Number of protein chains: 2
Amino acid sequence: MLSHKAKYALKALLFLAQQDENHISRTIEIAEAANIPKKFLEQILLDLKRGHYVGSKQGKFGGYYLLKSKNDITLADIHRLFDGAIALLPCASLNFYEPCSDCTSESECLLRHGLMTIRDETLKAMQGITISSLVKK
Amino acid sequence: MLSHKAKYALKALLFLAQQDENHISRTIEIAEAANIPKKFLEQILLDLKRGHYVGSKQGKFGGYYLLKSKNDITLADIHRLFDGAIALLPCASLNFYEPCSDCTSESECLLRHGLMTIRDETLKAMQGITISSLVKK
DNA sequence: ACTAATTCTATAAAAATAGTAGAGTTAATG
DNA sequence: CATTAACTCTACTATTTTTATAGAATTAGT
């Protein structure tokens with residue numbers, strides 16, 4: 001399941017993607033349009049900025065805008081940024097690999113292989129969903 | 001990601017699946033073989049029992065055994081039993097549907113459709129992984 | 001009766017999540 | 001250059017979920 005953060009991030013990105021090119025949106029606008037607590041959204045937008053998904057303009061008449069193309073922001077990206085690994089266990093993860101503390105031998109682990117299969121399929125599916133594809137629905 | 005409970009449940013089921021037909025395994029055996037805290041495993045086995053995945057025999061020489069066929073226990077089943085919805089948001093879930101509190105109109109939600117696509121693909125993949133298929137690896 | 005196992009309920013400790021507060025910084029404008 | 005309106009940053013708090021643990025009750029074989 002997605003955390004609220006990830007969900008809010010997606011909703012914010014969808015909002016930004018629907019604005020005119022070069023338009024700058026204030027946090028409060030996004031918060032009200034997408035029904036997100038404003039102070040919470042501030043943090044989320046900063047995270048999106050640090051991930052180079054959005055850009056910002058400071059000061060009066062400042063705000064946020066999409067930095068990457070709608071086509072280049074996938075569900076997988078946002079999941080990883082806010083919720084971490086896409087794999088079902090850290091030992092099966094590409095980007096967030098960690099051995100299981102209860103695992104005696106990873107190579108003999110019966111679970112890991114199956115979970116890596118799932119990861120590959122889920123990842124492929126999630127990389128197929130972009131902000132652009134969502135807006136078009 | 002899977003919770004420890006779900007991971008431990010899978011490991012316990014894998015252990016049971018590898019025993020001889022009609023063999024009964026004590027909790028302590030499973031716990032030691034799979035490196036799971038015994039008292040925690042007790043709860044998990046009870047949940048698996050309530051889900052009709054394992055059966056138990058009480059009293060001296062009691063223990064647990066697989067009730068369903070290895071082929072009929074899927075990763076999707078265990079995920080749902082311990083970690084709930086497979087969908088990324090409750091509003092996109094088949095078995096754990098709930099509307100989002102922040103959603104003003106579900107029919108106009110741009111996220112939901114994409115998440116239902118992901119759910120269908122993930123679910124299909126997870127239903128393809130059975131205890132039996134894991135043991136064979 | 002004794003022993004060894006599951007069953008059940010309650011509790012506790014730790015971690016993660018969700019959200020809030022408030023001071024600081026930046027930039028436009030008159 | 002003061003004012004205003006925006007983003008930025010750090011810290012904190014409250015809640016919920018997760019991960020167990022404790023201990024009494026029940027069951028059944030010998």
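Everything numeric here is computed off the predicted structure, so don't read it as measured data. Residue numbers begin at 1 in each chain, while the letters A, B, ... track the order of the sequences.
Counting to the nearest Å, the C1' atom of C:dA10 and the CD atom of B:Q43 are 11 Å from each other. Taking atom CD of residue A:Q58 and atom C1' of nucleotide D:dT4, one finds them 15 Å apart after rounding to whole Å. Taking atom CG of residue B:D47 and atom P of nucleotide C:dC8, one finds them 11 Å apart after rounding to whole Å. Whole-Å rounding puts the A:K5 NZ to D:dT15 P distance at 19 Å.
Distances shown here put a side-chain N or O of A:R50 below 4.0 Å from the OP1 or OP2 atom of D:dC9. Residue B:S3 has no polar side-chain atom (N or O) positioned under 4.0 Å from OP1 or OP2 of D:dT18. Note on A:Y8: every side-chain N or O is 4.0 Å or more away from OP1 and OP2 of C:dT17. Residue B:S56 places no side-chain N or O under 4.0 Å from the OP1 or OP2 atom of C:dA5. Distances shorter than 4.0 Å separate none of the side-chain N or O atoms of B:Y65 from OP1 or OP2 on C:dT6. Contact annotation: B:K49 reaches the phosphate of C:dT7 (side-chain N/O to OP1 or OP2, under 4.0 Å).
Comparing B:K57 and A:L45 against DNA chain D, the residue whose closest nucleotide sits nearer the 5' end is A:L45.
Of the listed nucleotides (C:dG22, C:dA18, D:dA20), C:dG22 has the atom at the smallest distance from the side chain of A:E42.
No side-chain donor-acceptor contact under 3.5 Å links A:N71 and A:T130.
Note on A:G62: only backbone sugar-phosphate atoms sit closer than 4.0 angstrom, heavy atoms only; bases stay farther off. At a threshold of 4.0 angstrom between heavy atoms, the contacts of A:F61 are confined to the sugar-phosphate backbone, with no base atom among them.
Donor-acceptor pairing under 3.5 Å, judged by distance alone, is present between the side chain of A:K39 and the base of C:dG22.
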Apply salt bridge (Lys or Arg N to Asp or Glu O under 4.0 Å) to residues B:K7 and A:D102 and explain how you reach the verdict.
CA-CA 10 Å; B:K7 177 176 68 170; A:D102 58 304; 2.6 Å; yes

